[in-house]
Amino acid sequence: MGLVPGAVKGLGVTLRTMFKPAVTVQYPHVKEAPPTRARGVIALKEENCTVCMLCARECPDWCIYIEGHGDKAPPRREGGKPRTVFILDRFDIDYALCMYCGICVEVCPFDALFWSPEYEYSEVSIADMLHDKDKLGEWMATVPEPPPLEVGAAAKK
Amino acid sequence: MTALPLLAIELSYWQATAIKLGAVMTVIPLGSLVLVYVFLFKMMSHMQSRLGPMEAGPHGTLQVLAEAGKFLQKEDIFPARADRAVFGLAPVVVIVSTFMLYAVIPAGPDLIVEDLDVGVFFALAVGSISVIGILMAGWSSASKYSLLGALRSAGQLIAYELPLVLAVVGVVIQAGTMSLQGIVHAQADGEIFGFGLIGNPFILTQFIGFVIFLIAAQAELTQTPFDMPVAESELVAGYMTEYSGFRFLFFFIAEFGSAFALSGIAATLFLGGWYVPFLPDGLLGNLAGPAVLGAKIMFVAFLIFWMRFTFPRFREDQLQAIAWKFLIPASLANIVVTGILKVVM
Amino acid sequence: MSLTSNPAPVDWQKASYVAAQAADARVNVELETEGMILNIGPQHPATHGTLRVVVRLDGEEVVWAEPICGYMHRGYEKLTEVRTYPQVTTLINRIDWLGSFANEVPFILGAEQLMGIEAPPRAQWIRTIFFEMARIANLTLFLGDMGVQLGALTPVFYAFRDREYVLNLIESATGGRFHPNYDRIGGLKDDLPRGWIDECQGAMRKVRSFCDELEDLLMGNEIFQARTRGIGVIPAAIGLDYGMSGANIRASGIDWDLRRDSESPLAWKEVDWKVWTHPDGDSFARYWVRLQEVREATSIVDQLLEGLPAGPIMSKVPKIIKVPAGEVWCHTENPLGEMGYYIVSQGGLGPFRCKIRSASFNNVSILSWLLKGVYVPDVITILASLYFILGDIDR
Amino acid sequence: MSPADTPSPEGAAEGAPEKAPESAAEPVTAPEPETAPEPEAAPEPEAAPEPEAAPEPEPEPVDPKLQVLIDSLRERLGDGFVASDVVGGDLWVRVDVSQWRRAAEVAKGELGMDYFCFLSGIDWLPNPLLAGRDVWDPNPNEASEAAVDEPVGTIHTGIAGGDTRFQVFARLYSTRTHVGITLKADLDDESPTAPSLTSVYRGADWHEREAWEMYGFDFEGHPGLRHMYLPGEFEGHPLRKDFPMLAREVKPWPGLVDKEQIPGEAAEPDASETVSSEEAAAT
């Protein structure tokens with residue numbers, strides 16, 4: 001319809017959209033599920049952590065605070081020298097500073113940190129944004145399985 | 001002792017005017033709130049593929065009351081260097097000019113506040129008082145943005161007063177009278193070339209006048225595409241920038257009240273007002289009249305708001321050019337043609 | 001210059017307005033009236049972020065204008081000197097936060113060029129797909145926002161609605177909607193999730209229908225054309241002199257696009273697409289070129305999705321990345337224009353010096369020349385049509 | 001931890017002699033000298049004296065387009081043309097600072113470089129705190145491979161050489177022949193000044209203001225050198241290497257490992273446990 005003036009075509013567009021269903025979601029009543037890989041919050045699997053401090057060092061925002069202490073553990077083979085193992089005392093992530101870049105999850109050699117798509121943890125006071133060790137442990141329950149890869153992707157190395 | 005035949009009881013003059021005043025005072029806020037809710041909240045959002053307010057009341061109906069309440073409880077701020085008296089008075093002037101418009105709009109065979117025989121002339125004259133209120137607001141707010149906004153809106157309203165009046169002249173010539181009730185009756189029992197079934201709503205014969213009236217009404221209401229005075233992206237909020245609290249509510253009610261009134265006048269002049277074929281007269285007619293007029297007002301308001309949500313904004317000089325170079329010559333031509341046809345027919 | 005103009009060249013009041021735009025002669029003829037100083041910004045709906053334009057008005061006409069930036073200056077070039085390469089990639093995708101994947105690519109390509117490694121073909125193709133999707137996400141917002149700046153309320157909601165599909169796709173593959181942080185030296189973080197490709201094709205159809213809708217609603221509209229044609233005309237020579245790049249300079253008739261003209265390892269060569277230019281150089285031309293570029297981007301993504309090669313997405317890279325000493329200049333055609341990184345490495349874990357050349361810095365530097373003798377509402381039109389992002393200017 | 005990989009990739013392998021062999025990491029154990037970095041006035045001689053006009057052995061064939069540029073620049077600027085280098089298909093030319101504006105005029109006039117890409121500065125003073133060398137060291141205890149053969153404070157400039165601390169560099173590009181050129185010029189250390197290019201390219205205005213603000217380069221003939229980003233009364237030039245990064249001094253580094261000794265045992269000097277905190281203090 002070349003000769004229809006632009007203004008009338010514009011009116012047609014708005015009228016058509018008026019009768020199409022709306023796309024908005026009424027948030028508190030209806031919730032959209034974030035995709036499985038969404039970087040919502042970081043969960044800590046305490047057993048894997050060996051206090052190697054790689055994540056705290058590699059974090060650009062310096063928002064991971066770790067304290068641990070060395071301890072003697074029974075030797076693997078009897079008669080062997082008792083192993084020194086490190087126990088985690090404190091593992092805090094300050095989500096007020098964190099920029100969700102994911103370097104810590106990636107750099108952790110013992111797979112102790114995971115991403116969970118959880119996003120509803122806003123707080124009234126900013127101090128509560130410092131999640132301590134057991135709060136991060138709670139998030140572990142919400143960590144989903146990684147999604148299957150697209151066809152043509154090489155097998156996970 | 002005006003007798004209200006409708007109620008067949010004798011009422012003294014002041015009692016009748018009190019009832020009429022009460023009716024008008026309920027119609028205006030109600031009308032503008034309905035207009036705001038239906039068009040500004042619901043229609044605009046659906047046109048933008050969203051739902052609009054849904055929380056307050058079923059389907060967001062009470063949101064309008066929440067808005068009004070919000071404005072009322074807001075603090076009434078006067079800018080430091082503002083001229084206090086003029087600053088306080090400006091919104092009153094603007095809202096008075098809107099209320100006076102309702103005096104002449106007929107809602108039924110007998111439902112009219114005052115059937116002046118110069119009704120149309122009175123309505124348009126009163127409509128232009130708001131320019132003074134806007135200039136007062138702009139000047140007294142002592143802020144650059146308000147001053148610029150007020151000057152722009154003064155220029156615009158005056159420029160669009162003319163096409164508004166000239167568009168109506170065509171209707172007056174065809175109806176032969178200036179009283180709105182007379183125009184409604186002229187449309188009711190006129191006929192086009194002998195075919196008189198649906199009367200002769202002037203939109204058919206005066207279509208150009210109708211289009212010009214709509215465009216000019218859009219400019220009178222300072223709505224997009226003519227909302228230069230309140231252009232958010234440049235002047236923040238034009239002459240209303242410094243206002244808050246219930247004074248801002250006055251401006252808001254004035255804007256939507258005059259939108260309701262102008263659509264009422266357009267419906268009366270061009271769509272046959274409260275008349276619809278086979279309308280029984282007497283008590284039933286007076287009850288059905290307002291409903292018919294309301295439907296026609298909604299249709300005209302839909303056209304106005306539809307344009308508001310679709311078009312971008314004209315620049316100041318383009319806006320003036322359209323008024324002086326396009327609308328006024330077109331309406332003059334319309335008057336000439338109507339005159340000739342009136343004589344010839 | 002070779003004006004490969006696509007539509008019939010419309011001589012739309014151009015001559016008269018270009019004369020008005022040659023404002024140097026006009027302005028100093030005016031007598032020095034004490035005009036009104038108006039501050040547009042730093043908090044102003046027309047500026048994408050905190051740009052402040054100090055404008056002296058004579059009535060409604062701009063006599064002198066000066067953009068003032070620095071309200072968003074985060075000192076990126078100093079920060080990159082104390083960060084390792086993976087940390088820098090998280091930093092730089094916050095420069096142009098609308099098309100944020102497109103910021104990472106030139107930096108990573110530069111680092112790979114220094115290290116002499118090459119990402120596997122599948123990674124290059126997926127990078128190109130995400131590059132074009134960043135362009136779509138960036139430019140669709142502009143197409144809607146141009147309407148709001150001119151007063152039309154509806155287009156911006158359509159832009160946000162259809163942009164959401166693209167952002168959801170980026171999030172489902174990379175984890176972040178705005179800051180994907182998906183690019184690594186040597187490849188990508190991980191591969192696409194299952195079903196992503198046909199979801200992407202669906203989103204591309206939606207973006208195309210959005211472009212047609214916008215063409216009817218806004219571009220065809222006589223009021224829009226009256227407000228933008230002949231406004232803010234930038235002659236090609238002056239544009240290049242200021243270092244303007246991207247759609248701003250292609251709208252003035254320069255047929256130059258880094259995706260075609262520089263040999264970058266990404267997959268633009270394997271896809272046939274077209275560079276759009278427009279002879280007029282006014283605000284309408286800039287809008288028109290960006291609209292065609294979004295359509296072109298959707299067709300590029302479609303072709304890439306069909307021909308996506310199988311294979312690994314990460315090449316052999318040591319865990320601790322140390323880039324050997326050397327200097328490299330690497331630039332790509334970002335949604336806003338040419339973005340490049342001049343990386344100087346002295347073999348450390350992080351760059352020794354990293355000059356970030358962002359497109360909006362040059363695109364905005366023309367404002368003081370361009371805004372002379374312009375009406376106030378046109379200042380907003382020109383600001384909107386130049387389309388800059390504040391993070392890009394201030395870094 | 002593979003020892004520092006020698007720069008084997010083809011890009012950096014060219015024989016430009018002035019680049020001293022690079023090593024990866026600073027001496028970790030040697031505590032950083034808190035005093036001002038050694039005066040660089042007397043750097044010990046470079047590994048090999050820089051040949052002035054000897055043609056460098058070009059590892060890769062210079063494609064004709066760049067060769068044309070080099071020849072015409074060399075012939076126009078005469079002795080102002082100090083050095084040129086082609087790395088990874090890109091052309092670097094270092095000119096004498098007096099010929100800086102002349103070089104830009106030649107580039108724009110004869111060589112058709114109509115597009116002004118950018119102009120900025122480099123401060124070659126290596127600063128251990130900033131050099132991104134030991135921002136984070138994977139294994140603080142391993143002191144073996146950090147055999148650095150030159151002390152802190154030695155300046156070694158990148159491509160196309162140069163021996164002063166400050167350098168201004170600009171990139172020009174031709175949108176028709178799609179060829180770019182990076183011009184460099186050395187500025188003396190005490191008062192770095194360069195002729196302004198605003199008369200040649202209008203776009204240079206903002207870039208020069210930024211370089212003046214960040215590095216303290218003075219540009220003669222610039223219409224108005226004023227702050228681009230920083231507030232008016234800001235002293236100092238932030239992008240200089242000796243300008244401190246305040247954010248890093250204020251907050252202790254969370255990577256600081258303070259594992260206490262194993263309780264109840266004589267703290268035998270187990271090297272792996274006690275992490276040298278002074279290394280941490282350095283960052």
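We name chains A, B, ... by the order of the sequence lines, and we start the count at 1 in each one.
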**Request:** Calculate, to the nearest 0.5 Å, the distance between atoms CZ and NE2 belonging to C/R260 and D/H178 respectively.
**Result:** 6.0 Å
**Prompt:** What part of D/H207 is in contact with chain C, defined as an atom under 4.5 angstrom from a non-hydrogen atom: side chain, backbone, both or neither?
**Reply:** both
**Request:** Name the option with the most non-hydrogen atom pairs under 4.5 Å to chain C; the candidates are D/F116, D/Y201, D/F118.
**Result:** D/F118
**Request:** Calculate, to the nearest 0.5 Å, the distance between atoms CD and CD1 belonging to C/E327 and D/I122 respectively.
**Result:** 5.0 Å
**Request:** Could you tell me whether C/W256 and D/Y173 have their ring centroids closer than 6.0 angstrom?
**Result:** yes
**Item:** Atom group of D/L172 that falls short of 4.5 Å from chain C, counting heavy atoms
**Value:** neither
**Prompt:** Should the ring pair D/Y229 and C/H73 be called parallel, tilted or perpendicular, given that the plane angle runs from 0 to 90° and is split at 30 and 60?
**Reply:** parallel
**Request:** Could you tell me which portion of C/Y71 (side chain, backbone, both or neither) has an atom closer than 4.5 angstrom to a non-hydrogen atom of chain D?
**Result:** neither
**Complete:** dist C/D261:CG -> D/T177:OG1 (nearest 0.5 Å) comes out at 10.0 Å
**Prompt:** D/L125 and C/F352: which non-hydrogen atoms are nearest, and at how many Å?
**Reply:** O-CZ, 4.1 Å
**Prompt:** Are D/F169 and C/Y342 an aromatic pair by the rule of ring centers under 6.0 Å?
**Reply:** yes
**Message:** Counting only non-hydrogen atoms closer than 4.5 Å, does C/M244 touch chain D with its backbone (N, CA, C, O), its side chain (CB onward), both, or neither?
**Reply:** backbone
**Fill in**
Rounded to the nearest 0.5 angstrom, the CZ-CG distance for C/R357 and D/L119 is 12.0 Å
**Message:** Can you confirm whether the side chains of C/E338 and D/Y115 place a donor and an acceptor under 3.5 Å from each other?
**Reply:** yes
**Prompt:** Where is the tightest heavy-atom contact between C/K78 and D/R240, given as atom of each residue plus distance?
**Reply:** NZ-O, 2.9 Å
**Asked** How many angstroms lie between atom CE of D/M214 and atom CD of C/E77, to the nearest 0.5 angstrom?
**Response** 7.5 Å
**Message:** As an exercise: rank C/P67, C/S345, C/G340 by heavy-atom pairs under 4.5 Å with chain D and give me the winner.
**Reply:** C/P67
**Item:** Which portion of C/S365 sits near chain D, non-hydrogen atoms under 4.5 angstrom
**Value:** both
**Heavy-atom proximity to chain C below 4.5 Å, by part of D/D123** = backbone
**Message:** As an exercise: rank C/I68, C/L240, C/D241 by heavy-atom pairs under 4.5 Å with chain D and give me the winner.
**Reply:** C/D241
**Prompt:** Where do C/R353 and D/S120 come nearest, in terms of heavy atoms and distance?
**Reply:** NH2-OG, 2.7 Å
**Request:** Sort C/I249 into side chain, backbone, both or neither according to what part of it lies under 4.5 angstrom from a heavy atom of chain D.
**Result:** neither
**Request:** Side-chain contact test, heavy atoms from C-beta onward, threshold under 4.5 Å: evaluate it for C/R395 versus D/E210 and give yes or no.
**Result:** yes
**Request:** Look up atom CH2 in D/W206 and atom OH in C/Y242, then write down how far apart they are to the nearest 0.5 Å.
**Result:** 10.0 Å
